[in-house]
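None of these values were measured; they are calculated from a predicted model.
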Amino acid sequence: MLAFIDKPFVALEGTIGVPKDELKLLFSMFLSYPLAGVLKRLPEAQTWKKNLFIIAVSLFICTGIFSLWTGFLTLVGTSMATYYLAANFKSPFMPWVAFAALMTHMLYLHAYRELFPRPGVVDITGAQMVLVMKLTAFAWSVHDGRQPESELTEHQKNRAVKTMPGILDYLGYVLFFPALFAGPSFDYAEYQRWITCTMFDVVVPSSKSPSGTKRKRRIPSSSGPAALKGLMAVFWFAATIKFKSWFYVEYLLGDEFLKLGFLSRVLYTYGFAFASRLKYYGAWSLSEGACILTGLGYNGVDAKTGKARWDRVTNVEPLKLEFAENARALLESWNMNTNQWLKNYVYLRITPKGKKPGFRSTMVTFATSALWHGISPGYYLTFIMGAFVQTIAKYLRRYVRPLFLSPDGITPGPYKRYYDISGIILTQVTFAYVTAPFIILDLKESFIFWTRTYYYGHIGIGFLYFYFHSPYGRGMLIKLQKERVAKFTQKKLKEAVTEEKAMEAMKGKLNKYNVSAMNVNEPGPLGLPEDVERDLIEAAKKELNEVDWKKAEGLLRGVKSMRNRKAQETEVR
C-alpha cells in the first residue's frame, strides 16, 4: 500500500475505534463516485481507454489502498482460467466444470479465512465472491451462444455470448471497479452493451420532432439518481451506528436477554435482524450509485414519463423488503443480483427441461448460496431453514391465499387486508429467527439463541410443513376452495340462464324493429347524418347488453323513426 494513504486511516482507527481496513473499504466505495464520473466522460468510440481506466483503478484500489498484490493476481488468474476454459472447451459440461472449479477455489479462500482469521482486515475474498458470479454467468453465456436459439429462453438469448470478447473488454468486465468488492454482479452482455453505448440506442418521446420521437444515443444524465443513492447510503450508515448500539450479539447471548418475556425476545430478534441489514443497505446503495453514475445502471426509458430508468443493477429495495407480505417478496428484494444469479445459473439450470423446479432445486440453490457465502456453520443453518420457509410460503400462497380472495381468484375478499398484514408480521418474525445464525455464525451460539427463543421458528415451520403434507391438511384446504368455487359457479350459471332468456326475449324485439337488418357501417342516404344513426344503434346494443328494456326500446324506436323519415324524404325527392 502507499504509506501516505495508510496514515490517515491509522489515525482515524485510533480516534473512532473502527478498523482501518473497514474505513478504507468505505473510502474506496466513496472514491468510486468521482472516478465513475471520469469513466463516463471518456470517449465513447474508444472503448480501450475505458477498459484500461477500469483496470488501472481496480489495480490501485487493490494494491495502493489495501496492498492486495496476491489478491489482485488471484482475481486476474481465475478470470483468465475461466476465459481459456470457455474459449477452448466446447463440451456441454463446460459451464459445470467452470462452476465446480470456481466454487472449489472460493471454498478454499473461505476456509483459509476461517482457519487464519484476521478480524477487521479486508482480503480478496469479498471481491472473489462477486467475481464467481460474473465468471460462472460468463461461462453459461458462452455456452448459450453456441446453442440454437429455439432451445433458449428469452433471458438466455438476451445474455448469450456468440463471439469470445477481446482480453481487454473481458478484463474490464471482471474488474469493473464500482462493483469490485460489494457488487452488484451483472452479465457480460450488459457490460458489452454499456461500453459500446448500444445500451442507450433507444427511442424516446419528443415534442419537437415531427414524428413525436427522437433517437437518444449519448449516456443520459445520471448525476441526480446517483447522488440520491449516495445520500441514502449516508442515511443507512448513520442508522447502522444507532441501531447497532441497541441491538447486538452480546446482548442476544447475555443474561439480560433472559430477563425478557417471550414476545419481547421475539421483538428484539426482529430489531437485531433489522439492525444487521442496515450496513448492507448502505454498502449496496453506494455501489449502485457509482454504477448509475457510469451509466451502467441505465434500464431504458419509462414509457409513461419519458424519463430514464436507473434500476438495472439495483441490489436491494429496503421498503419492499421490510414490508414484504411473503417469503418470495422478501427474497426478491434482498441481494437481488445474487438471487438472479442463483435463479438463472443454478435453480433453473439444474431443473430438467420440460419440468418445473421442485424442492430439490430449491434445496440445491440454498446449499449453493451457503457455500458461496462461506463455511461458517451459521450460514448452513440459515439456508437449510430458508429452503423449508420458501417451500411453506409456496403452499400458503397456493392453498390458503385463495380462501381470502373472491371465488373468481382475482378480486380481494373482505378479509384479504388482514391476511396481508398477518403475512408481513409472520414473514418478518420468521426470517428474523431464521437469519440470526447467519449473523451469529458460530454453531453453539446459534443453538443457544434458538433455545432462548424456544425454537418458535422450528415449531411453526415444522407444524406447517407436516400439515401441508398430511392427508387432511392440504386436502381439506383444496376441498374448501372447491366448495367455494362450486357455489360461485352455480350462482353464475343461474345468472347466465336468466340472462340468456332475457336475450332471447330481446331478440324478438330486435326483429320487431328490424334492427338486425341495419348496417352501422352503411352510409346514411342522401347525406343525412349517418353518425347519429350509428350512435343510436350502438347505444341500443349497449343497453341491450345491460338488459335495460325501456332505454333499449326507446332508442330502437328512435332508429326506426329516423329510417322512416329518411325513406319519406327519398320518396318526396
Worked verdict on E332 versus K320 for salt bridge (Lys or Arg N to Asp or Glu O under 4.0 Å): CA-CA 9 Å; E332 287 181 347; K320 288 185 178 180; over 6 Å; no
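- When only modelled atom types and interatomic distance are considered, K343 and Q340 share no side-chain donor-acceptor pair under 3.5 Å.
- The two residues E151 and Q147 make their nearest non-hydrogen contact at OE1-OE1, 4.2 Å.
- Taking the six-membered ring for Trp and the full ring otherwise, Y379 and F438 have centroids separated by under 6.0 Å.
- Nearest heavy atoms, P225 versus W310: CG-CD1, 3.5 Å.
- The line from OG of S446 to CG of L441 is 7.5 Å long, rounded to the nearest 0.5 Å.
- Inter-residue side-chain proximity for L371 and M106 is flagged as unmet; no heavy-atom pair is nearer than 4.5 Å.
- To the nearest 0.5 angstrom, F243 atom CZ is 16.0 Å from K279 atom NZ.
- Between H110 and H373, the closest heavy-atom pair is CE1-O, 3.1 Å.
- The distance from atom CG of L175 to atom CG of L75, rounded to the nearest 0.5 Å, is 6.5 Å.
- Residues F66 and F181 place their aromatic rings such that the two centres sit under 6.0 Å apart.
- Using cut-offs of 30° and 60° on the angle between ring planes, the pair F383 and F366 is tilted.
- A salt bridge does not link D169 to R193: none of the charged side-chain nitrogens sits closer than 4.0 Å to a carboxylate oxygen.
- Checked by atom type, the side-chain pair T435/T382 shows no donor-acceptor distance below 3.5 Å.
- Donor-acceptor pairing under 3.5 Å is lacking for the side chains of N337 and R312.
- The pair K304-D302 does not meet the salt-bridge criterion, since no charged nitrogen lies less than 4.0 angstrom from a carboxylate oxygen.
- A donor-acceptor contact closer than 3.5 angstrom is absent between the side chains of E325 and T427.
- Figure legend: cation-pi geometry between R277 and W334 absent, as NZ or CZ is not positioned both under 6.0 Å from the six-membered ring centre and within 45° of its axis.
- When the options F186, Y191, Y170, F99 are evaluated for a ring-ring contact (aromatic ring centres under 6.0 Å, His included) with F138, the one that passes is Y170.
- Taking the six-membered ring where the residue is Trp, F30 and F237 present tilted rings, their angle falling between 30° and 60°.
- The heavy-atom pair separating T136 from W341 by the smallest distance is OG1-NE1, 2.7 Å.
- Residues F247 and A275 come closest through the heavy atom pair CB-CB, 4.1 Å.
- Under a 3.5 Å cut-off, the side chain of S369 and the backbone N or O of T365 do not form any donor-acceptor pair.
- Checked by atom type, the side-chain pair S222/K40 shows a donor-acceptor distance below 3.5 Å.
- Of the possible donor and acceptor atoms, none in the side chain of N299 sits under 3.5 Å from a partner among the backbone N and O of D311.
- At distances below 3.5 Å, not a single donor-acceptor pair connects side-chain atoms of Y347 with backbone N or O atoms of V364.
- Within the 3.5 Å criterion, the main-chain N or O of K162 finds no donor-acceptor partner in the side chain of R146.
- Taking the six-membered ring for Trp and thresholds of 30 and 60 degrees, Y112 and F116 have ring planes inclined between 30 and 60 degrees apart.
- With hydrogens and angles ignored, the 3.5 Å screen pairs a side-chain donor or acceptor of Y173 with a backbone N or O of K134.
- For the residue pair D187 and Y345, a side-chain donor N or O sits within less than 3.5 Å of a side-chain acceptor on the partner.
- Between the CG atom in D123 and the OG1 atom in T70 there is a gap of 11.5 Å [rounded to 0.5 Å].
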Quick one: do S376 and E114 satisfy side chain to side chain donor-acceptor pair (under 3.5 Å)? Show the steps, please. CA-CA 8 Å; S376 296; E114 189 80 17; 3.1 Å; yes
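- For the pair K50 and W194, the cation-pi criterion (under 6.0 Å, within 45° of the ring axis) is fulfilled.
- Using a cut-off of 4.0 Å between Lys/Arg side-chain N and Asp/Glu carboxylate O, K157 and E154 are scored as salt-bridged.
- Nearest approach of T338 to N335, heavy atoms of both residues: OG1-OD1, 2.8 Å.
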